[in-house]
Each structure stands twice: as structure tokens, then as C-alpha cells.
Amino acid sequence: MRFGVDIGGTNIKFVVIDGNEIKYKNCIDTVKNGDAIVGDIITEYNKVKEEYNIERMGVGIPGDVRDGVVLDASNLGLLDFPLASELAERVDIPVRVANDADCAAMGEEIFGGTKDCDNMVLVTLGTGIGGGVILNRKIMQTNRCSGEIGHIIIDMNGRQCACGEKGCWEQYGSITALVRDAVKACEENPGSILCGIYKREGRMSGRLFFEALDANCPVAKQVFDTYLDYLAVGIKSVDMVFGPDVIVLAGGITKEGEKILNPLRKKLPQDIRIEVSKLQSDAGSLGAAML
Ligand SMILES: [Zn+2]
């Protein structure tokens, strides 16, 4: 059996799997400190190892990982943190650590709705755009950062990105970008349904945006159409570079399913297969277990 851990900014997810079967699942709050994270993982492992015959542990973490060392997970306050060896010292099984988006892609590859595909790219739409690339059923890894598809540049004179470049895809196709564009449209169209919802709630979110779309707000429809253009242009680039059998979209907004997929497919060449993740936030821990 395998123990999978997915460390996120908000919570840490745990899973025990036996073959393809999930035996155990749990989730705790994340304490953003390396020693606390190690302590919490060990506590959980000690709890489950009594009941399950666990042979290996895999951990996914949002940041750059090289040879088990977390080079930079600034969101969690970790820099040059030797996570794999810190854990391995306290357990009697092998421990592997990888980037969380790569783990999620592996989870989709093995447990998701596109198991038939040897090559896939997972595109996670959230605060930014994350990605994991699976080639010939293996995580694509190099000695440098790879799979950072959110930073494909789609406009060299475009919006400033936190990475230092201008015009990165995630500045247009992330949920943060959609919400920002929706707020801008509200300011320009104060009489719209979208703006009514914005004023009512005092904020904008993906869910509130879809409420306006469902109410047939023409302003929201226009924002959404432009957003889908942004998504499509990045997806076409991803397809050209990696030539995957399928591109799987994940993240809260993709729970809208066909409301996104249908119009998005119309903006893409027919031979690009796109699907929505069936595993969503479970993909990371499941993929980590398979490291
Ligand atoms: Zn960038």
C-alpha cells in the first residue's frame, strides 16, 4: 500500500491506496512552517501505519523540487528545505517528493477519466495557471523548472506578471484574471446584471460571475467570450508544444463542466481533445502516492 500527501496553502490531504483502491482519506489545516509540516505528516503516517501495510510515501508540494529538496515554496515559507530526508529520517519506508502540479497530473493519468491516454497535460485554472505534463505515462522533468505553462507569453507587451515577465497566459486565463476582468466590466457597465451582483455581494468571484452568466447578462457573456479566447490561445500553444492525447482542465471553475467545455471546443481545432478533471482536488494526493 502507498501513502500519498498533498501539501496545499490551505490544507494537507492524505490518502492510503491499495492498488487502485482508496482505503483511507483525511485532510488537515496547513501550518505554514517546514518543521510543523513534517511533524503533521509523521503524526498522520503513524496513525495509519497501524492499520495499513504501507510500503512507500509520496509527497506533493507547491514549489520547485530537486532531488527531494524543496528549493522554493514561498507560499509555505519553505526555502531550500530537505523535505524528503527530513521525512525519511522518521519513517522506515522510502519517501519521494515532487511538485504538486506534477503529482496532480500523475493522479489524473492513473486514476482520472483519461486513463486511456499515454500523453496528457493538466491545466489547473486558479489563482494562476498551473500545469503538469505527462509524456509516455511519466512526469516530464528536467533539471530546471518545467511545465510552467501559466507563463507562456501570449502578449509580449501585455499585462505584468508576478514572475517579472509581461503578457503571461495566467494574467488572462486564470480565475484571478477572469474576476479582475469582470470587476472592470462592472465599473464600465454599472447598470448590468453582473454589476448588480457585484454590488449586492460587495465582491466578485468565479461563482458570482457564473450567476450573472446564468441570468443571461450580456456584459458577463462578453467577458466570458473574451476569457474563452484567452484560454483557447494558451491551450493551442500547449497542444503545439507537447502534442498530448488530451488536455485536462481542473480548478474550481471547471466544475461548471459543459458550460465551459462546449464554447471552448468551438474555439479550438477539432483534433484537440479537452476534458474536465473528474478527480479535481483529489488528484494531487493520489498522484503523490504513485511517485
Ligand atoms: Zn509569468
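One-based numbering, in listed order, for ligands and for the atoms of each. Residue indices begin at 1 and follow the sequence shown.
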Any donor-acceptor pair under 3.5 Å from Ser85 side chain to Pro82 backbone: yes
Count, waters excluded, of protein N, O or S atoms under 2.8 Å from the Zn ion (ligand 1): 4
Selection residues 45-56 - residue pairs positive for salt bridge (charged side-chain N to carboxylate O under 4.0 Å, His left out), sequence neighbours left out: Glu44-Lys47
Under-4.0 Å salt bridge between Asp72 and Arg66: no
Whether Asn99 side chain and Gly63 backbone form a donor-acceptor pair below 3.5 Å: yes
Partners meeting salt bridge (Lys or Arg N to Asp or Glu O under 4.0 Å) with Glu258 (sequence neighbours left out): Arg265
Ring pair (Phe, Tyr, Trp, His ring centres under 6.0 Å) contacts touching residues 114-141 (sequence neighbours left out): none
